[in-house]
Each structure stands twice: as structure tokens, then as C-alpha cells.
Amino acid sequence: MIAILDYGSGNLRSAQRAFELAAKNVVVTRDAKICSEASALIVPGVGAFAACMEQLIEVGGAEIIADRASKARPIFGICVGMQVLFESSNEKKDTQGLGFLRGKVSELNAPVLPHMGWNNVAAAPSSKLFKGVEAESFYFVHSYAAKEPVSESVNTMTNYGEDFLAAVEKDFIVATQFHPEKSGAAGAKLISNWVKTL
Amino acid sequence: MTLAKRIIPCLDVAGGRVVKGVNFKELRDAGDPVELAKRYDLEGADELTFLDISASVEERETTLEIVRQTAEQVFIPLTVGGGIRSVENVNELLRAGADKVSINTAAIARPNLINEISDRFGNQVLVLSVDARRADTKSGFEVTTHGGRESAGLDALVWVEDAILRGVGEILLNSMDADGTKNGFDIEMLSAVRKISSVPVIASGGAGKISDFAEALSAGADAVLAASVFHFGEIRISEVKNDLIKRGFPIRT
């Protein structure tokens with residue numbers, strides 16, 4: 001079973017439908033027991049970093065993620081759900097993240113923001129996540145990002161105004177700045193690659 | 001690494017059907033929204049926009065159901081607009097499967113609605129739809145309401161700047177002069193808005209032939225939106241994309 005962490009606003013149904021293409025049992029929940037026992041946990045996220053962190057903490061999501069991390073059990077962060085896995089962000093105000101990935105999140109240096117739409121992503125050569133979709137476009141909607149590669153990880157970078165981290169694979173953590181659930185066939189393939197590793 | 005220019009078919013929905021008129025009048029039936037959405041996805045649409053032009057509350061419920069059904073089957077971003085008056089309306093649409101919402105009239109009546117929506121869901125979720133036409137204002141363009149029938153008494157450029165400061169993540173710029181004419185996008189207005197906008201701009205209104213799309217992108221549009229030329233099969237999305245690729249625009253294939 002795959003659990004999608006429900007910690008407030010956002011369109012969780014789309015994520016659920018997209019992951020259901022690759023996995024049998026996908027639930028949207030904030031139940032600590034279900035999230036802990038699931039074979040994998042998806043951390044979605046839309047909106048501002050600080051608001052997301054606040055919501056995460058309020059519904060016990062931060063503890064759920066920490067618990068899984070302590071057991072090295074699979075976690076997939078999407079968009080702001082990726083960002084909260086880092087140490088901090090300065091969106092609107094300096095806010096602490098969960099700190100499972102070294103680095104901080106900051107605003108992209110680009111004339112037009114948000115970075116909105118399909119951007120091509122050249123996968124890191126050793127990536128398992130991008131197998132079969134090594135040079136495809138994925139759908140991004142964000143103004144902030146992590147810009148430094150994470151140490152001891154497979155880092156897939158892309159560029160909008162400047163280089164930033166499109167995806168990271170580190171031990172039990174996989175995270176994408178883009179939305180695989182909104183990235184058509186390429187996104188479906190990427191999701192299915194990840195589900196196969198579980 | 002390049003961000004692709006987006007081609008967005010717009011589905012005007014009323015009473016559970018896609019409809020399209022000329023200058024917002026003379027509505028014609030253009031098909032089943034869910035089927036059209038699936039077709040456009042297969043043809044390479046980069047996003048879809050649903051515009052709910054229903055008059056009654058019952059019809060709105062139908063639209064929510066259409067959004068649900070589409071989100072079940074189509075895995076590209078879906079923007080829904082029309083009749084949004086509150087944060088709760090936005091929440092309902094997002095929960096039904098919309099990824100973004102567009103607002104228009106209600107934001108003109110009460111600009112603070114923009115702040116409320118973006119504070120709750122982030123500015124990336126919010127598209128400001130601006131129905132603008134040429135007029136004797138400072139910039140030469142004014143905002144209209146009621147599908148272009150009435151003046152809002154607002155300069156279009158002043159409104160766009162204000163809305164961006166309040167927190168919209170994208171501008172959908174509809175030319176009321178060009179809408180339905182098939183004479184091409186209003187390039188002058190598009191250039192003017194592009195110059196002052198720090199967020200992406202979607203060009204809308206007037207698409208009639210394939211080369212119109214390249215013109216809008218050359219004028220700085222980040223995306224182009226069209227309705228009837230796609231619905232009635234006059235132009236295929238793939239034809240537009242092939243033309244743009246030949247001209248060297250970054251396009252998702």
C-alpha cells in the first residue's frame with residue numbers, strides 16, 4: 001500500500017489517480033498508523049513553504065515523516081513536498097524544513113516567475129527514477145528551488161534562469177521539483193519506475 | 001534546458017457541454033467536455049482550461065462533476081475558471097481535480113479576493129483572466145466585464161500590475177476586440193502587458209490560422225490559448241506545434 005499524506009489543501013486526487021496507474025492500493029490519509037505501515041509515503045505540497053510546514057506540523061505529518069526516515073522507509077516528495085525535506089527555505093520568511101536533505105531552498109533567479117510549464121530534464125546518468133525517460137519534459141510550477149546537488153545522492157539538475165535541482169534520489173528518499181502526476185506519459189513512467197523499487 | 005511554450009485549448013462549458021460563440025454571443029454546441037479533453041491530451045495539449053459559463057447553480061454542480069471526470073482521465077494540468085467568488089469555491093475546484101483556477105469579474109469587484117486565494121493556496125494556483133479591449137485610457141487598453149459588454153472603468157495595465165502585487169501567478173489576456181474574429185491575436189496589447197508583467201502571460205482571442213500562434217509567442221507570450229479553431233477541427237494542435245518547432249520555438253513533443 002502507498003499512502004499519500006493529506007495535510008490540508010491541494011489536489012490530492014490527481015496524485016492518487018496517477019499513482020494508481022502503477023500501484024494497486026493508493027490511499028490519501030493522515031492516519032499515523034497507516035502512513036507508518038505503508039510500503040511508501042508520498043509527500044505532496046502546493047503553496048508557500050512556511051504554510052506547508054505549519055500544516056505538516058499541525059496534522060502530525062512532520063512526526064510521520066521523521067518516523068519513516070528513522071526506519072529508512074521509502075518517501076517520495078513532490079514540489080513543495082520535496083522542498084520541506086531540505087533544511088530551510090527563505091520563501092516569505094526564513095523557515096526551518098525537516099532537514100533530511102542537506103541544503104536550502106531559495107528563489108530562482110529568472111525574469112518571469114513562477115517557473116510554469118514543461119521543461120526538459122536530462123537525467124543524471126546513474127538515475128533509476130528516470131530509466132526510459134532520460135530526456136523528457138516534465139511539468140513544473142514553482143518559484144523556489146534547491147540549487148545545490150545533495151551530497152552522496154543522484155542529482156538531476158535542470159535550468160530556468162539558473163541551474164536547480166529537478167530531482168534527487170538519496171537512499172530511501174526520492175523527490176522531484178516537478179509534478180510527475182501532471183506530466184503525462186513521461187510522469188507515469190517515472191512513477192512506475194519508482195513503484196517498482198518498492 | 002528550456003521551458004517550452006504552451007499550447008492550451010480552452011473549453012467553454014455550459015450545462016455539461018462545450019459551447020463556443022463569436023464575441024461571447026451566438027453559442028454553438030462543440031461537444032462533450034471529457035471526450036474533448038481526452039482528445040486534446042492525445043493531440044499534445046500542454047494544459048487544458050475549462051471556463052464555466054453556466055448561469056445557474058445547478059449547472060455549476062455539473063461543471064464540478066465534469067472537472068472530476070476529466071481529472072480522472074487526463075494527466076496534464078487543468079485550469080478552471082468562471083463564477084469563482086470565494087476561497088471556498090477555489091477549494092471545491094481544487095478538490096474536484098483542478099490544478100489552477102482563473103478569476104475575473106469577482107476580482108474586479110473585490111480585489112482582495114486575489115490576496116485571500118493566494119495566501120491560502122499560493123500564487124501559482126491563481127490565473128487572472130483579463131478581458132481587455134482598446135479604449136481611451138492611459139495605456140490605451142481597458143478592462144471589461146460581462147464578456148466584454150461593459151467597461152470595468154479600469155486601465156488594463158494598471159489592473160495587471162495591481163493583481164500581480166496582490167498575488168496572481170499568471171495572466172490570461174483575452175482580447176475582446178479580437179475574440180472570435182479569427183484575425184489573429186492582439187499583438188500590440190500582448191506586447192504592452194508582457195513588458196510590465198513579471199508572471200507568465202497567456203495570449204487569448206483571435207486565433208484563426210496556424211501562423212497566428214508564432215506571432216503571439218514572438219510578441220512575448222509564454223503560452224497561447226484558443227478554443228473554436230481546435231473544437232471545430234479547423235486547426236490541429238499538432239499542426240500548430242509542428243509549425244512552431246520549424247520556426248525554432250521550444251515546444252514539448
Side-chain angles (χ1 to χ4, degrees), chain A residues 8-18 20-21 28 45-49 51-52 55 79-80 91-92 110-122 135-144 156-164 166 179-188 191, chain B residues 1-8 41-42 44-47 67-68 70-80 87 90-91 93-101 117-127 164 167-171 194 197-202 220 222-223 250-253:
Chain A
S9 64
N11 179 25
L12 304 169
R13 180 73 188 133
S14 291
Q16 186 180 21
R17 279 291 295 125
E20 278 171 352
L21 296 176
V28 175
V46 292
F49 187 98
C52 280
Q55 291 264 75
C79 197
V80 184
E91 182 173 1
K92 292 189 179 165
V112 174
L113 287 174
H115 174 219
M116 178 144 357
W118 299 79
N119 202 328
N120 44 6
V121 175
E136 294 288 335
S137 293
F138 294 89
Y139 195 86
F140 291 84
V141 187
H142 64 120
S143 298
Y144 286 71
T156 292
M157 310 291 289
T158 192
N159 183 284
Y160 181 69
E162 62 182 317
D163 286 348
F164 70 92
H179 288 269
E181 80 281 12
K182 284 289 153 186
S183 295
I191 288 170
Chain B
M1 300 300 114
T2 324
L3 181 64
K5 300 290 186 183
R6 288 167 285 155
I7 310 299
I8 308 173
D41 180 16
L42 287 173
D46 297 306
E47 279 182 37
V67 172
R68 271 185 212 110
T70 305
E72 292 282 311
Q73 304 182 35
V74 177
F75 298 99
I76 57 175
L78 185 59
T79 303
V80 184
V87 168
V90 175
N91 192 32
L93 283 166
L94 295 179
R95 291 243 160 215
D99 298 288
K100 298 187 253 184
V101 296
I117 295 171
S118 75
D119 284 350
R120 169 93 182 266
F121 301 107
N123 73 342
Q124 82 292 332
V125 92
L126 188 55
V127 182
I164 291 171
V168 300
E170 207 166 14
I171 303 293
R194 172 70 286 170
S197 175
S198 60
V199 302
V201 177
I202 306 167
D222 299 280
I251 296 294
R252 177 180 76 114
T253 52

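Heavy-atom basis, side chains included; hydrogens, waters and symmetry copies ignored. To find a chain, count down the sequence lines: A is the first, B the second, and so on, and within it residues start at 1.
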Looking only at heavy atoms, the pair that brings A:Tyr139 and B:Asp46 closest together is CE1-O, 4.4 Å
Cut-off 4.5 Å, heavy atoms of chain A, and the answer for B:Val125 is neither
When A:Glu181, A:Arg17, A:His179 are each screened for side chain to side chain contact (heavy atoms under 4.5 Å, CB included) with B:Phe75, the one that passes is A:Arg17
Looking only at B:Lys100, B:Glu47, B:Glu170, B:Gln124, the option with the highest number of non-hydrogen pairs under 4.5 Å against chain A is B:Gln124
Cut-off 4.5 Å, heavy atoms of chain B, and the answer for A:Pro114 is both
**OP:** Report yes if some heavy atom in the side chain of B:Asp222 is under 4.5 Å from a heavy atom in the side chain of A:Met116; otherwise report no.
**Re:** no
Most heavy-atom pairs under 4.5 Å with chain B, out of A:Ala48, A:Ser137, A:Ala18, belong to A:Ala18
Cut-off 4.5 Å, heavy atoms of chain B, and the answer for A:His142 is neither
Bottom line for A:Ala122: the part with an atom under 4.5 Å from chain B's heavy atoms is both
If one checks every heavy atom of A:Val121 against chain B at 4.5 Å, the contacting part turns out to be backbone
Answer key: most heavy-atom pairs under 4.5 Å with chain A among B:Arg68, B:Gln73, B:Arg252 is B:Arg252
Between A:Val112 and B:Val199 the two heavy atoms that sit nearest each other are CG1-C, 3.6 Å
Exercise. Taking only Lys NZ, Arg NE, NH1 and NH2, and the carboxylate oxygens of Asp or Glu, determine whether A:Arg13 and B:Glu72 approach each other closer than 4.0 Å.
Key: yes
So, the part of B:Ala223 with a heavy atom under 4.5 Å from chain A: the answer is neither
Okay, B:Lys5 and chain A: the region with an atom under 4.5 Å from a heavy atom over there is neither
Of all heavy-atom pairs linking A:Asn120 and B:Thr2, the shortest is OD1-N, 2.8 Å
Turns out that what part of B:Asn123 lies under 4.5 Å from chain A's heavy atoms comes down to side chain
Applying a strict 4.5 Å limit to non-hydrogen atoms, the region of A:Thr158 in contact with chain B is both
Cut-off 4.5 Å, heavy atoms of chain A, and the answer for B:Val74 is backbone
Scanning both residues in full, the closest heavy-atom pair of A:Ser14 with B:Gly97 reads OG-O, 3.9 Å
Comparing B:Gly169, B:Pro77, B:Pro200 against chain A, the one with the most heavy-atom pairs below 4.5 Å turns out to be B:Pro77
